[in-house]
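These notes are about the structure you will find just below.
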Amino acid sequence: MKKITIAIDGFSSTGKSTLAKQLAKHLGYIYVDTGAMYRAVTLFTMQKGYISNEFFNKETLINSLPLIKLYFQFNADLGFAEMYLNDVNVEKEIRTIEVSNFVSKVAEVSEVRAKLVEQQKEMGRNKAIVMDGRDIGTVVFPDAELKIFMTASAETRAQRRFDELQAKGDSVTYEEVLKNVQDRDYIDTHRDDSPLVIADDAIEIDNSYLSREEQFQAVLELIEEVISN
Ligand code: DC
């Protein structure tokens, strides 16, 4: 069967990773969550004290980039690959609201993007990959056979993220999460380097009123079409 590259981009909390994981599992493809990589670099930046609400020491981060080793390791119990930062599993730490609040700032740094994009391209060298992020269809895999762009209203996305964080016992308010979603939308779409834009050949899916299953089936049909052509 023909192996393809599937690029999934879109706003934060649109369920990109849920869809990407479902697809990868169904197709036997590799799944790569590029947001996790930006989050891991952000965690490193916070741990080193290079970023706070008052300052961001970009130059020091850029000089430290060679010290950052990132990789994914498949966890058979969970059924997906977890993020490792310098040989430490950081899957939990990278999902906190603190990391979410700083990640867009770190993701704006061109040197950070260049390092991660290079690694992402390498991971997709043999195709049979589903990668999600913000610039996958535009920068990482401009030649991907299938590009999906996911959207949903900010309120719908904030409610989903809020429910997830609450279930994990994170004591955040809905208003805090909504503000984080709106702030990240703004920074992600306005940054100079690789802003979040819809690729010309991407298919847009607004999933505000779609169930996971409906969305999955719709994308599977698109994949079948691409593979049979
Ligand atoms: O998908 P996510 O919410 O975990 O992503 C975290 C942040 O990382 C997001 O606010 C923007 C950034 N990001 C990016 O700039 N490029 C990507 N390919 C993936 C994520």
Side-chain angles (χ1 to χ4, degrees), residues 7-22 31-43 45-46 51-54 56 80 83 90-109 112-113 116 130-140 147-199 202-212 214-216 219:
I8 303 185
D9 288 302
F11 291 97
S12 65
S13 304
T14 40
K16 296 185 298 293
S17 64
T18 305
L19 173 67
K21 273 182 206 162
Q22 275 178 313
Y31 161 59
V32 177
D33 170 4
T34 62
M37 299 171 74
Y38 288 94
R39 286 172 179 274
V41 175
T42 304
L43 182 66
T45 314
M46 290 162 66
I51 198 165
S52 76
N53 287 324
E54 288 74 39
F56 178 19
F80 66 88
M83 184 82 253
V90 291
E91 194 55 40
K92 275 213 181 72
E93 288 95 318
I94 60 172
R95 312 282 169 195
T96 61
I97 189 97
E98 289 78 20
V99 171
S100 298
N101 282 337
F102 290 127
V103 66
S104 289
K105 287 226 173 313
V106 171
E108 272 185 309
V109 181
V112 170
R113 304 202 69 83
L116 299 193
V130 187
M131 190 174 277
D132 80 26
R134 304 293 188 287
D135 58 345
I136 312 307
T138 50
V139 177
V140 183
K147 299 179 186 178
I148 305 285
F149 190 91
M150 293 174 65
T151 61
S153 72
E155 288 74 16
T156 303
R157 291 182 284 129
Q159 189 65 49
R160 288 178 190 159
R161 185 51 69 101
F162 174 68
D163 292 343
E164 267 171 31
L165 289 168
Q166 270 221 321
K168 281 196 276 180
D170 214 323
S171 62
V172 283
T173 63
Y174 167 77
E175 286 69 29
E176 254 182 293
V177 179
L178 179 61
K179 181 168 183 327
N180 174 260
V181 165
Q182 289 168 332
D183 287 351
R184 282 206 287 154
D185 284 359
Y186 185 86
I187 302 179
D188 290 349
T189 50
H190 287 80
R191 67 172 169 243
D192 292 334
D193 189 347
S194 320
L196 173 63
V197 285
I198 176 162
I203 295 162
E204 188 168 342
I205 297 182
D206 182 331
N207 66 12
S208 301
Y209 303 105
L210 279 182
S211 73
R212 278 183 188 180
E214 285 168 334
Q215 170 176 279
F216 177 58
V219 177

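As the structure is a prediction and not an experimental result, all values here were calculated from the model.
In plain terms, the two heavy atoms of Ile94 and Val99 that are nearest each other are O-CG1, 3.5 Å. The two residues Leu165 and Arg95 make their nearest non-hydrogen contact at CD2-O, 3.9 Å. Taking all atoms of both residues into account, the shortest heavy-atom contact from Gly137 to Ala199 is O-CB, 4.1 Å. Here the shortest heavy-atom pairing between Ser194 and Val139 reads OG-CG2, 3.8 Å. Closest approach of Pro195 and Arg191 over heavy atoms only: CB-O, 3.3 Å. The shortest non-hydrogen separation linking Met150 to Ile148 is CG-CG2, 3.8 Å.
Relative to the ring axis of Phe80, Lys21 places its NZ or CZ within 45° and under 6.0 Å from the centre.
Within 6.0 Å of NZ in Lys168 there are more than 12 heavy atoms belonging to other residues, nucleotides or ligands.
The side-chain heavy atoms of Tyr209 and Thr156, taken from C-beta on, include no pair separated by under 4.5 Å. With contacts defined as side-chain heavy-atom distances shorter than 4.5 Å, the pair Glu155/Tyr174 qualifies. Considering only heavy atoms from C-beta on, Gln159 comes within 4.5 Å of Asp163 through its side chain. A 4.5 Å side-chain heavy-atom check between Lys16 and Asp33 finds every atom pair outside the cut-off. By the 4.5 Å heavy-atom criterion applied to side chains, Lys179 and Glu176 are not counted as neighbours. No side-chain heavy atom of Met46 sits under 4.5 Å from any side-chain heavy atom of Glu93. Between Arg39 and Ser100, the closest side-chain pair of non-hydrogen atoms falls below 4.5 Å.
Of the possible polar contacts, none joining the Arg184 side chain to the Ser12 backbone as a donor-acceptor pair under 3.5 Å is found.
Separating the CG atom in Asp193 from the CG atom in Asp135 is a distance of 8.5 Å, to the nearest 0.5 Å.
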